[in-house]
Amino acid sequence: MGGMDALLRRAAWLALPKLNQRRDISSWLARWFPKAPAKPVVALKTPIKVELVAGKTYRWCVCGRSKKQPFCDGSHFFQRTGLSPLKFKAQETRMVVLCTCKATQKPPFCDGTHKSERVQKAEVGSPL
Ligand code: FES
């Protein structure tokens, strides 16, 4: 019987770190993948003109935290925003004007919203 007790104690001892690991993983997931996404911030107050190449896939920055505007540099993930970039494929090679204020109603393209008082009065790096 003593052998069985020892075996059970050993099994419990081995299971304990696994329970802690599971809790660590869920807190890690909550930290890196928040349930409520952050608000996008104004990256710039004027759009950026870029040439899109037909067939190429782009990732437009949604969070406004990228240092490579108007495209994603992974900041949405590393700053744990819960947001994701807008992935799109260019249908033709052409010059386009992409939004950097993150308030456009036609993402990823500029629709002129950056000219509004709301955007122009906002601080760069702050949400609207
Ligand atoms: S830059 Fe955002 S609407 Fe023009």
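Counting convention: from 1, in listed order, for ligands and their atoms alike. Positions are given from 1 along the sequence.
In summary, the atoms of ligand 1 found under 4.0 Å from a heavy atom of Thr104, numbered by their order in the structure, are 3 (S). Here is the list of ligand 1 atoms found below 4.0 Å of a heavy atom in His114: 1 (S), 3 (S), 4 (Fe). Of all atoms in ligand 1, listed by their number and element, those nearer than 4.0 Å to a heavy atom of Gly112 are 3 (S). Against a heavy-atom cut-off of under 4.0 Å, Cys101 is close to the following atoms of ligand 1: 1 (S), 2 (Fe), 3 (S).
Here Asp73 contributes atom CG and Phe78 contributes atom CZ; the two are 9.0 Å apart, rounded to the nearest 0.5 Å. Going from atom CG of Leu83 over to atom NZ of Lys102 covers 11.0 Å, rounded to the nearest 0.5 Å. Separating the CD atom in Gln69 from the SG atom in Cys99 is a distance of 8.5 Å, to the nearest 0.5 Å. Atom CZ in Arg80 sits 13.5 Å away from atom SG in Cys63 (nearest 0.5 Å).
In terms of protein heavy-atom proximity, atom 1 (S) of ligand 1 is closest to Thr100 N, 3.3 Å.
Within the coordination shell of atom 4 (Fe) of ligand 1, defined by N, O or S atoms under 2.8 Å, Cys110 is present.
With a 4.5 Å cut-off on side-chain heavy atoms, Val124 and Lys45 count as touching.
For CD of Glu123, the number of neighbouring non-hydrogen atoms (other residues, nucleotides, ligands) closer than 6.0 Å is 12 at most.
Of all the heavy atoms of Asp111, the ones lying under 4.0 Å from any atom of ligand 1 are found in both the backbone and the side chain.
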